[in-house]
Amino acid sequence: MHILLNGETTITTAETLSQLVIELSLEKRMIAIERNLEVVPKSQYDNTRLCENDRIELVHMIGGG
Amino acid sequence: MTDDIFKVGTYEFKSRLIVGSGKYKSFQATKDATEASEAEMITVAVRRVNITDMGKESLLDYIDPKQYTILPNTAGCFNAEDAVRTLRLAREAGGWDLVKLEVLGDTETLYPNVVETIKAAEILVKEGFQIMVYTNDDPIVARRLEEIGCVAVMPLGNPIGSGRGLANPFNIRVIKQRANVPIVVDAGIGTASDAAKSMELGADAALINTAIAEAKNECLMAKAMRDAIRAGRQAYLAGRMPKRAFASASSPTEGYIWD
């Protein structure tokens, strides 16, 4: 299905947020995910199903002042 | 000085130097300078993961969140909505509730947009965040942000990354005199004397990034800032002598051999 991942239209076979995180090899990173403007707690990744055209923001921490 | 603790919200620190993690040449340089500074709190930015080019390492592989208090910021946000979204994500990522709110007005000055800052602060306080808020050196705005419930107010010394020192030292002092929350000078500090001056004026702490990261020797500047913050703090606590218009002899003015 198509999702909007960090502003880019992306094709994914993942059906849940957990699967998306694994598909992107981000399991060990300290990240956070927003789905359609709502933050999704990590505990909900397994049972959060992706839908066509979902807007996903996937963020991490970088250097900043 | 051992019990001169810097309290902000529910957190306590021995160091009154807060460092940033931006603009360094490498993660290793960030780590080395941060260690040299002896800071206990370090700011980080929240950004999209680059899906196509992840890189093998990340900042937090070098800056251990168990060792440092991580202070996520909202740098680059120009409205309240983006700032609120950013900090909600940061809290989910690392569980951090102590955050740095900054909402900017434009890209040239990076001056705070006070209206949007206040809007964001009102929302975030209700959501349980402990907000250290970046703002301009306006005593009225500082008080308003305190009333909203921010745990620290962080007036700028000068624009972010300008290294010009304190534009308006009197306002920093006035803000501190009227505040019941810690006042942190954030932005503008260019070298050690600026940091010491901030503390002498009564600031509870200072947040420094570019002055360390852009120094030719980052670690040496980090140590200079560490010492300047301590010296300035001690001078403030000691209570400086008054300034006089004319000289006042240091040696006794009696018992001269010609009397």
Side-chain angles (χ1 to χ4, degrees), chain A, chain B residues 18-27 29-30 34 42-52 54-55 57-63 65 70-76 81 84-96 100 102 110 134 160-161 186-187 207-213:
Chain A
M1 84 183 95
H2 297 81
I3 58 170
L4 196 64
L5 178 58
N6 285 356
E8 303 277 342
T9 302
T10 307
I11 297 171
T12 178
T13 58
E15 291 177 7
T16 64
L17 278 187
S18 291
Q19 290 169 11
L20 181 68
V21 169
I22 292 167
E23 186 176 283
L24 298 168
S25 307
L26 292 172
E27 311 95 288
K28 287 179 182 154
R29 294 293 181 95
M30 199 175 265
I31 55 162
I33 300 178
E34 191 189 73
R35 174 172 173 262
N36 302 329
L37 299 177
E38 292 283 337
V39 174
V40 183
K42 285 180 194 66
S43 57
Q44 299 299 312
Y45 287 180
D46 274 344
N47 50 26
T48 301
R49 299 194 72 79
L50 285 169
C51 298
E52 187 75 19
N53 298 324
D54 266 356
R55 277 179 61 189
I56 304 292
E57 291 294 336
L58 214 154
V59 301
H60 66 155
M61 305 301 134
I62 65 162
Chain B
I18 306 167
V19 293
S21 59
K23 295 183 178 171
Y24 282 99
K25 292 189 284 280
S26 65
F27 289 141
T30 316
T34 303
I42 181 166
T43 60
V44 300
V46 181
R47 289 290 181 276
R48 283 173 167 167
V49 172
N50 185 340
I51 303 295
T52 50
M54 283 292 303
E57 296 175 317
S58 72
L59 174 69
L60 296 182
D61 295 331
Y62 285 79
I63 300 295
I70 303 292
L71 188 70
N73 72 23
T74 60
E81 187 194 348
V84 168
R85 285 175 66 197
T86 299
L87 291 177
R88 285 175 181 157
L89 280 164
R91 179 159 68 178
E92 174 52 31
W96 305 300
K100 171 179 167 178
E102 66 174 283
L110 298 180
Y134 171 67
I160 294 168
D186 182 4
L207 200 166
I208 305 175
N209 188 351
T210 309
I212 298 173

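Chain letters run A, B, ... following the sequence lines, proteins first and then strands; every chain starts at 1. Here the structure is a predicted model, which is why all the values come from computation and not from measurement.
At a heavy-atom cut-off of under 4.5 Å, chain B is reached by A:Ile31, A:Ala32, A:Ile33, A:Glu34, A:Leu37, A:Val39, A:Val40, A:Pro41, A:Lys42 from residues 31-42 of chain A, listed in order of number. Within residues 15-29 of chain A, the residues having any heavy atom closer than 4.5 Å to a heavy atom of chain B are A:Leu24, A:Leu26, A:Arg29, listed by residue number. Contacts of residues 57-65 of chain A with chain B at a heavy-atom distance below 4.5 Å involve A:Glu57, A:Leu58, A:Val59, A:His60, A:Met61, A:Ile62, A:Gly63, A:Gly64, A:Gly65, listed in sequence order.
For the set B:Leu89, B:Asn209, B:Leu207, the count of heavy-atom pairs under 4.5 angstrom toward chain A peaks at B:Leu89. If you tally non-hydrogen atom pairs under 4.5 Å between each of B:Gly76, B:Ser21, B:Ser58, B:Gly20 and chain A, the highest count goes to B:Ser21.
For the salt bridge (charged side-chain N to carboxylate O under 4.0 Å, His left out) test, residues two or more places apart in sequence or in another chain that qualify with B:Arg88 are B:Glu127.
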(request) Applying side-chain contact (heavy atoms from CB on, under 4.5 Å), run through A:Thr10 and B:Ile51 and close with a yes or a no. (result) CA-CA 10 Å; A:Thr10 307; B:Ile51 303 295; 6.0 Å; no
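Heavy atoms of B:Lys100 lying under 4.5 Å from chain A belong exclusively to its side chain.
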